[in-house]
Amino acid sequence: MTTPVTPASDWPRDIYRALCAHQVRQVAYVPDAGHSRLIEYCRDDPAMIALPLTTEEEGIGLLAGAWLGGDRGVLLMQSSGVGNCINQFSLARVCRLPLLLLVTMRGEDGERNPWQEPMGRNSAGLLETAGIEPLRVDAAAAAGATVAAALERAYRESSAIAVLIAQRVIGIKSFDQ
Amino acid sequence: MTAPAAGKQQYPLRRRAVVADLLAERGDSLVVAGLGAPAWDVTAAGDSPLNFPLWGAMGSAVPLGLGLALARPRRRVLVITGDGEMLMGIGALATAALAAPTNLAIVVLDNEAYGETGNQATHTAAGADIAAIGAAAGLVWSRTVADDAGFEVARHQILTAPGPGLCVIKVRIEQLPLVLPPRDGVVLRDRLRAALQD
């Protein structure tokens with residue numbers, strides 16, 4: 001159960017529109033409640049390949065291959081997935097490949113699962129250390145524009161960028177029985 | 001529990017000859033090579049802008065080949081990697097099966113050892129069967145060959161059969177001269193992108 005704590009906004013639709021506007025074709029993801037609507041939009045789009053992974057690590061290699069072959073891509077994950085990717089980030093860094101991660105945050109205000117806190121608290125710092133620039137989205141209304149700007153820069157400058165979407169934008173997983 | 005002994009196997013196939021034979025008929029195929037010996041084997045067969053040899057990111061060879069295969073559906077994409085590298089990203093076989101690009105073929109040169117670190121045994125030395133894992137993951141074809149006759153049949157399949165498929169080739173443990181590809185990732189990136197422009 002996820003309860004939105006901000007006014008209803010179709011921020012996943014705004015992000016999806018940004019992906020379309022930037023001709024993103026390969027959308028790799030590890031299923032996540034926060035990204036569920038965006039994943040549905042991408043799966044419904046015949047111009048996109050929306051591909052579930054067994055681990056976020058696969059997404060770094062996949063998007064490297066995609067871009068080498070001429071496709072743009074994006075990787076959707078939860079903050080817990082950031083840790084899984086650390087060594088694979090070297091591929092994007094050493095080869096100077098464009099990379100865009102969309103990370104839904106756990107372990108922030110209102111989190112009810114303490115096991116999410118270590119990666120939630122450290123995702124931005126770990127990304128920065130690995131050479132991936134973290135950008136925060138703290139309000140639903142900013143999501144689309146932030147992703148559009150990140151895509152523009154990632155593909156213009158071969159930058160590696162992670163957009164971190166605050167837990168308050170996504171909603172809190174309740175665990176109520 | 002004791003670790004399996006490494007280096008006891010005496011498979012007849014030699015990795016450099018196997019890779020050279022395969023790549024002699026590659027045409028315009030794109031080749032992704034896993035780090036270590038497979039990258040040196042592919043380079044020994046002839047460096048090419050259409051090769052993308054990895055020097056790190058262990059476990060990424062299949063995902064990288066998959067992204068390429070999806071981006072370039074009219075090109076054959078060969079992933080040539082080792083048993084250790086494949087085991088580190090074994091879940092990618094399920095992802096490749098799910099994505100199902102018909103132009104992707106994966107070759108695992110399986111010497112049952114981590115050759116770059118002193119030939120310590122990999123899990124395949126104890127019986128882990130990568131081709132069986134590939135079949136169970138849903139690849140269209142997945143087989144193991146361990147001799148000339150088997151390789152002769154598999155070669156055609158690797159180069160032309162609709163995939164995604166996987167062939168494990170059991171090869172001997174050997175100490176071979178290093179034949180190194182460029183190690184600058186930007187050079188590898190730019191030459192492949194340029195070769196795909198036309």
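Note: hydrogens, waters and symmetry copies are ignored here, and every other heavy atom, side chains too, is used. Below, chains carry the letters A, B, ... as their sequence lines are ordered, and counting in each starts from 1.
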Q: For the pair B:R15 and B:L176, evaluate side-chain contact (heavy atoms from CB on, under 4.5 Å) and give the outcome as yes or no after the intermediate values.
A: CA-CA 10 Å; B:R15 55 191 310 139; B:L176 295 164; 3.8 Å; yes
For the student: nearest non-hydrogen atoms of [X] and [Y], plus distance:
| X | Y | value |
| --- | --- | --- |
| B:S142 | B:A131 | OG-O, 2.7 Å |
| B:A96 | B:P101 | O-CD, 3.6 Å |
| B:V32 | B:A61 | CG1-O, 3.7 Å |

Q: Output the distance between atom CD1 (A:I161) and atom CG (A:L135), rounded to the nearest 0.5 Å.
A: 6.0 Å
Q) To the nearest 0.5 Å, how far apart are CG in A:L91 and CD in A:E57? A) 12.0 Å
Q. What part of A:L51 is in contact with chain B, defined as an atom under 4.5 angstrom from a non-hydrogen atom: side chain, backbone, both or neither?
A. side chain
Q: Under 4.5 Å heavy-atom distance to chain B, tell me which part of A:Q26 shows up: side chain, backbone, both or neither.
A: side chain
Q.
Checking the side chain of B:R26 only, and the main-chain atoms of B:S29 only, is there a donor and an acceptor separated by less than 3.5 Å?
A. yes
Q. Does A:R106 reach the main-chain N or O of A:S79 with its side chain, forming a donor-acceptor pair under 3.5 Å?
A. no
Q: Could I get the full list of side chain to side chain donor-acceptor pair (under 3.5 Å) partners for A:Q23, not counting sequence neighbours?
A: none
Q: Would you mind checking which part of B:A99 comes under 4.5 Å of any heavy atom in chain A, side chain (CB onward), backbone (N, CA, C, O), both or neither?
A: both
Q: Heavy-atom distances under 4.5 Å only: say whether B:L70 touches chain A with side chain, backbone, both or neither.
A: both
Q | chain A neighbours within residues 62-69 of chain B, where any heavy atom lies under 4.5 Å away | A | B:P63, B:L64, B:L66, B:G67, B:L68
**Q.** Residues in residues 51-59 of chain B that sit under 4.5 Å from chain A, counting heavy atoms only
**A.** B:F52, B:L54, B:A57, B:M58
Q.
Are A:V30 and A:I49 linked, directly or through intermediate hydrophobic residues, by side-chain heavy-atom contacts shorter than 4.5 Å (ILVMFWY only)?
A. yes
Q.
Do A:V94 and A:I132 sit in one hydrophobic cluster, given that two such residues count as connected whenever their side-chain heavy atoms are within less than 4.5 Å of each other, even indirectly?
A. no
Who wins among [options] for the most heavy-atom pairs under 4.5 Å with chain B?
| options | result |
| --- | --- |
| A:L62, A:L97, A:D71 | A:L62 |
| A:R96, A:Q88, A:R93, A:R25 | A:Q88 |
| A:A28, A:S90, A:G69, A:G73 | A:G69 |

Q. Less than 4.0 Å between a side-chain N and a carboxylate O, is that true for A:E108 and A:R121?
A. no
Q.
Through direct or indirect side-chain contacts below 4.5 angstrom among Ile, Leu, Val, Met, Phe, Trp and Tyr, which residues connect to B:V18?
A. B:L13, B:V19, B:L22, B:L23, B:V31, B:V42, B:L78, B:I80, B:V107, B:L109, B:V140, B:W141, B:V145, B:F151, B:I158, B:L159, B:I169, B:V171
